[in-house]
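Since the structure comes first, as structure tokens, the remarks are kept for the end.
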Amino acid sequence: MILANAAEVLLNRFVLRPLYPEELTPWRLAVELDPPPKREEVIPLLSLLTRRVGGKAARLGDHLVTWSPPESLALQGNLRRGEQVYTYRLHPRGQTPLNPKNPTEREALSALARRLLDEVLEGVRAKGFRVEGRAVYRREYAQGRGWRVLKGAVLDLWVSPAGEMVLEVDLAFRILCEMTLEAWLAQGHAPPKRVRNTYDDRTWELIRVGEEAPESVRLPAGLSLLEYHTAKGRLPERSKARVAWVRSPKNPREEIPHLTTLLQPVLTLEDLQEEEGATLNLSIPWQQRYGETQQVADWVAKEFGVKKPQPLRVQAHRLESPLLRARTRVGKPADALQVGLYQAKESTLALLSLDATPGWPGFLRKALERAFKASQASVKLREIHAHPSEGLAFREALREAREAGVQAVLVLTSPMSWEARNQLKALLLKEGLPSQFLNLPLRETDRHRWENALLGLLAKAGQQVVALEGSYPAELALGFDAGGKESFRFGGAACAVGQEGSLLLWSLPEAQAGERIPGEVVWDLAEEALLAFKRRQGRLPSKILLLRDGRVPKDEFTLALTRLSQEGVAFDLVSVRKSGGGRIYPTRGRLADGLFVPLEDKTFLLLTVHREFRGTPRPLKMVHEEGNTPLEALARQIYHLTRLYPASGFLFPRLPAPLHLADRLVKEVGRLGVRHLKDVDREKLFFV
């Protein structure tokens with residue numbers, strides 16, 4: 001049996017009321033745009049139009065639907081997107097009954113319901129509370145010199161397949177800095193990583209504070225930086241502002257001049273602890289969190305005219321625990337250093353020591369030799385006698401190490417800046433040498449730290465540290481991720497895992513703009529994984545599990561699924577979302593790893609890692625987009641795949657291995673660039 005220990009749990013969701021009959025039959029508006037937009041522009045333009053026309057409107061296909069009488073809307077006008085201006089006309093087409101059981105129509109109804117929530121929040125804002133998007137902060141939690149922490153909740157509202165409005169409430173904290181960047185720096189604080197405009201909510205990454213005079217920095221329009229902001233009414237004529245160079249997460253290559261008196265630091269808990277010595281514990285015990293969540297839900301419900309919202313209760317099931325195997329069965333990857341790796345091959349590892357102490361520390365040498373002896377494989381431990389400051393001589397030493405068979409390098413170093421560390425990593429990768437950094441000082445008693453480093457070194461050398469014991473629906477799992485907004489961006493990355501974990505490899509296409517992966521790239525990545533499986537097994541897998549980070553854009557996987565069908569390979573496509581799963585609360589007892597909560601429409605929640613000391617956990621939200629494998633079997637395999645991350649010896653990641661690896665791959669390549677990877681073996685996990 002896959003399912004066991006069924007129990008009822010509470011979600012941080014509350015049923016407000018059923019939709020009224022008139023809400024189920026909104027007005028439909030046909031849209032006419034001049035000039036006719038390109039196909040890819042239609043959806044963004046309609047989304048803009050829902051805000052432009054006023055009232056409560058939402059997009060439904062190529063039309064709009066509204067709960068507002070058409071005569072109360074702006075039925076014609078102009079709409080700007082980028083440099084293009086469009087003329088729009090809306091033509092009422094009567095009232096249209098919508099079915100909440102239809103996902104597309106339910107999405108439109110949910111968008112309309114959120115307009116009601118927005119109206120409620122506007123009323124709250126008018127009462128003096130701080131409202132940001134759909135987050136409302138109603139009281140002060142802590143304060144200090146020039147900063148304060150507000151406590152509130154992030155809200156969402158949608159329509160269920162049963163036609164009921166469901167409210168989600170998640171408690172949240174907001175750290176506000178109430179002084180300008182100039183004042184923050186004047187107090188001797190370190191520059192923050194991010195800053196926000198004082199006159200709107202736009203945020204930037206802070207690069208540096210420059211030495212230039214604000215009146216000497218010219219903008220493309222011809223005005224100086226000082227003249228521009230003075231003309232906007234943001235500065236008095238005489239200002240002591242300095243120039244701050246910032247960049248947008250959406251365009252990380254462009255440096256933009258700004259003024260220190262028009263920016264405020266965006267602070268984190270770490271900033272407050274480092275700069276102010278403030279120790280704030282924002283982890284809320286689950287009993288307290290649920291009680292306060294219920295209070296917020298009651299307050300919001302009252303604004304909707306609902307006396308008592310009903311908390312959502314659902315059935316949850318505890319999935320069987322995964323069995324992890326190295327040379328023998330183990331409880332965690334770190335045990336593989338004692339009992340032997342799952343699959344080990346002869347290896348040569350090198351040490352690059354950047355301090356004055358030469359040679360492998362005795363306990364590291366002993367640990368590696370013991371691990372390989374238990375694995376019935378041999379290891380050679382070498383040293384690289386060179387320093388990055390030696391320029392070409394250092395590059396020659398790296399090349400000699402590679403030609404001598406070195407597969408990965410352990411770097412012992414005093415703490416380095418991220419910039420220096422990334423430069424050295426990139427230099428080593430140019431020679432096909434993945435590197436594992438380990439900071440000094442290092443003692444034998446720092447066991448967790450150096451065992452994690454050795455596991456990372458072994459994974460980077462292409463060793464198979466651990467595997468799963470048992471059988472699963474899919475013989476091959478493939479994770480897809482796209483570059484984040486704050487990094488060098490990619491149209492796709494993939495990491496493949498065999499059924500039990502014996503096949504770990506990465507794949508990366510050419511850099512592409514955006515977070516959508518082109519269909520051709522999706523198939524290229526899948527095809528590469530299939531060929532790797534066939535080289536190992538002599539056949540194609542019977543079924544493949546495709547895991548996509550976040551929502552699956554329309555048609556992104558169409559080509560890949562068609563080709564898989566042609567090859568006779570069955571498939572399941574699952575969207576894995578780190579947000580949107582809300583919170584889970586027990587009605588009795590405690591929560592535990594491997595909690596499976598089936599919801600409607602092939603959607604389920606999965607709690608993969610739960611630690612009591614971390615407060616209330618966030619489950620992953622999963623949507624079974626394609627395929628016929630039962631949800632509980634999918635959940636079991638995905639949960640067990642979280643145990644396969646080889647570079648974490650004692651704790652497990654929240655995401656299944658293919659996605660966690662793909663996420664790490666994208667971020668690492670975003671830091672280092674792609675030009676260093678041509679000589680790196682695809683089984684060397686250089687990014688863990």
Side-chain angles (χ1 to χ4, degrees), residues 12 121 124-125 127-156 168-209 244-250 252 258-286 288-293 295-296 299-300 418 484-486 578-580 582-583 611 613-618 654:
N12 60 330
L121 292 176
V124 171
R125 189 198 302 272
K127 295 177 183 177
F129 295 113
R130 186 180 183 93
V131 176
E132 297 178 359
R134 295 194 177 100
V136 56
Y137 300 95
R138 301 201 299 160
R139 69 182 181 87
E140 187 169 277
Y141 181 78
Q143 63 176 340
R145 293 188 306 156
W147 59 266
R148 59 195 179 117
V149 179
L150 303 181
K151 187 175 182 181
V154 178
L155 308 176
D156 198 6
E168 181 173 290
V169 179
D170 196 14
L171 301 185
F173 294 92
R174 180 78 164 81
I175 302 173
L176 294 177
C177 184
E178 299 182 321
M179 63 178 72
T180 66
L181 175 62
E182 182 64 32
W184 178 260
L185 297 175
Q187 288 192 356
H189 296 300
K193 292 187 174 110
R194 294 194 304 142
V195 288
R196 174 182 287 104
N197 291 342
T198 57
Y199 47 86
D200 61 33
D201 288 333
R202 190 169 183 185
T203 60
W204 311 89
E205 179 187 344
L206 179 64
I207 304 170
R208 65 184 183 281
V209 175
W245 291 91
V246 299
R247 61 185 165 211
S248 167
K250 294 182 178 179
H258 214 314
L259 294 175
T260 54
T261 53
L262 294 179
L263 295 168
Q264 290 177 317
V266 175
L267 301 179
T268 64
L269 278 176
E270 290 76 14
D271 292 328
L272 294 183
Q273 187 167 356
E274 290 175 12
E275 301 294 333
E276 296 284 295
T279 54
L280 296 174
N281 180 14
L282 304 187
S283 179
I284 306 174
W286 75 263
Q288 177 186 343
R289 178 180 282 275
Y290 189 76
E292 294 181 9
T293 297
Q295 292 173 11
V296 174
W299 162 71
V300 176
W418 281 107
K485 293 180 180 179
E486 297 186 18
K578 296 183 285 293
S579 60
R583 306 266 184 179
R611 307 180 190 110
F613 62 88
R614 291 287 179 90
T616 313
R618 286 183 176 274
R654 185 177 171 216

>> Among residues at least two apart in sequence or on other chains, which ones pass salt bridge (charged side-chain N to carboxylate O under 4.0 Å, His left out) with E292?
In response: K151

> Hey, are the side chains of L206 and H258 touching, using non-hydrogen atoms and a 4.5 Å cut-off?
Replying inline: no

>> I want to check something: taking the side chain as every heavy atom from C-beta on, are L185 and P191 in contact at a cut-off of under 4.5 Å?
In response: yes

If you take all heavy atoms of [X] and [Y], which pair is closest and at what distance?
X	Y	answer
T180	Q264	CA-CG, 4.3 Å
S248	W204	N-CE3, 3.9 Å
A244	L181	CB-CD2, 4.2 Å
L267	C177	CD1-CB, 3.8 Å
R289	I284	N-CG2, 3.6 Å
V195	P192	CG1-CG, 4.0 Å

Please identify each residue that fulfils side-chain contact (heavy atoms from CB on, under 4.5 Å) with [X], with sequence neighbours left out.
X	answer
K578	D549, L620, R654, L655
A135	Y137, V154
R148	E140, Q143, L150, L176, E178
R134	R51, R114, R115, L117, D118, L121

> Is there a side-chain contact (heavy atoms from CB on, under 4.5 Å) between V124 and W299 once you walk through the steps?
Replying inline: CA-CA 11 Å; V124 171; W299 162 71; 3.4 Å; yes

>> Restricting to ring-ring contact (aromatic ring centres under 6.0 Å, His included), what partner residues turn up for Y199, sequence neighbours left out?
In response: none

>> According to ring-ring contact (aromatic ring centres under 6.0 Å, His included), who are the partners of F129, at least two apart in sequence or on a separate chain?
In response: none

Side chain to side chain donor-acceptor pair (under 3.5 Å) partners of [X], counting only residues at least two apart:
X	value
R618	D170
T203	none
T293	none
E168	R13

> Can you check side-chain contact (heavy atoms from CB on, under 4.5 Å) on V169 and L155, steps first, answer last?
Replying inline: CA-CA 5 Å; V169 179; L155 308 176; 3.9 Å; yes

> Yes or no on side-chain contact (heavy atoms from CB on, under 4.5 Å) for L263 and W184, after CA distance, side-chain angles and deciding distance?
Replying inline: CA-CA 10 Å; L263 295 168; W184 178 260; over 6 Å; no

